S.K.: 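Sharing a structure, written as structure tokens. Questions coming.
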Amino acid sequence: MQITEIFKSIQGESTYAGLPCVFVRLTGCNLRCNWCDSEYTFTGGRKMSQPEIFAEVQRLTPVGGLVEITGGEPMLQERELLPLMNQLLESGYRVLLETSGERPLARVPADIVKIVDVKCPDSAEGDSFDLDNLRVLNPYDEIKFVLSSRADYEFASDFIREHDLAMRVHAVLFSPAFRKDASGARDSSHCLLDPRQLADWMLADNVPARLSLQMHKFIWDPALKGV
Ligand code: SF4
């Protein structure tokens with residue numbers, strides 16, 4: 001597998017936010033979101049075998065810990081990734097998969113918690129989500145919308161209603177996008193959509209979603225990698 005980095009940090013953007021977590025970040029992405037903060041994953045990385053990756057996860061956290069498979073887009077390496085996910089599950093790890101949902105998710109093992117980042121129009125990848133993936137969502141999965149405008153908010157709100165998302169998954173997350181060149185201050189001034197504004201809209205509309213801030217960007221410098 002082509003791997004950009006494996007590191008331990010605090011899970012920052014789901015209902016698992018705040019928990020220590022080992023991140024396995026796979027190289028490569030087929031999308032180009034405007035606000036992407038992971039462009040360094042598009043190329044490079046290093047080849048690692050499944051035993052090497054598993055050993056590194058074990059070194060960083062004991063069995064029973066939380067592991068997130070992320071990218072880039074991890075499902076681009078599905079053939080090699082599925083056996084790793086099964087090994088992690090069989091060994092007793094709790095495993096999250098962060099994906100855009102552009103690739104088919106039907107073969108993802110049932111016990112993996114999928115955190116599916118449905119792209120909104122202002123990301124420039126708004127039509128990328130494969131609607132067939134709605135059928136393979138489990139009640140413990142999560143759907144995330146990264147929002148940078150009112151248009152994104154309306155798209156996400158309509159999507160929730162149209163597909164009855166609140167009944168399908170454990171959580172629907174609304175997360176304000178960060179400027180990709182953000183650095184320095186660890187506060188919401190870097191958000192493309194003010195969280196206060198987003199909160200006001202959500203309260204006015206009773207949207208069945210959870211406001212989610214990228215916790216790691218309030219703990220460490222937003223430009224810092226490997227956290
Ligand atoms: S899917 Fe993720 S890694 Fe790929 S361009 Fe979008 S934000 Fe970046």
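Excluded from the calculations below are hydrogen atoms, water molecules and symmetry mates; all remaining heavy atoms, backbone and side chain alike, are included. Here the structure is a predicted model, which is why all the values come from computation and not from measurement. Starting from 1, each residue takes its place in the sequence as its number. One-based numbering, in listed order, for ligands and for the atoms of each.
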S.K.: Looking at Thr27 and Thr4, would you say the former's side chain and the latter's main chain have a donor-acceptor pair under 3.5 Å?
M.R.: yes

S.K.: Please verify the inter-ring angle class for Phe159 with Phe129; under 30° counts as parallel, over 60° as perpendicular, anything in between as tilted.
M.R.: perpendicular

S.K.: If you draw a sphere of radius 2.8 Å around atom 4 (Fe) of ligand 1, how many protein N/O/S atoms end up strictly inside it?
M.R.: 1

S.K.: Does Arg46, at its CZ atom, have more than 12 non-hydrogen atoms belonging to other residues, nucleotides or ligands within less than 6.0 Å?
M.R.: no

S.K.: Between Lys144 and Glu13, is the closest basic N to carboxylate O distance under 4.0 Å?
M.R.: yes

S.K.: Using a 6.0 Å distance limit plus a 45 degree cone around the ring axis, check whether Arg32 lies over the aromatic ring of Phe42.
M.R.: yes

S.K.: Please list the nearest protein heavy atom to atom 2 (Fe) of ligand 1 with its residue and the distance rounded to 0.1 Å.
M.R.: Lys119 NZ, 4.0 Å

S.K.: Before accepting this row, confirm whether a basic side-chain N of the pair Arg103/Glu73 lies closer than 4.0 Å to the acidic partner's carboxylate O.
M.R.: no

S.K.: Which ligand 1 atoms are under 4.0 Å away from a heavy-atom of Trp35?
M.R.: 7 (S)

S.K.: For atom CG of Asp164, is the number of surrounding heavy atoms from other residues, nucleotides or ligands below 6.0 Å larger than 12?
M.R.: yes

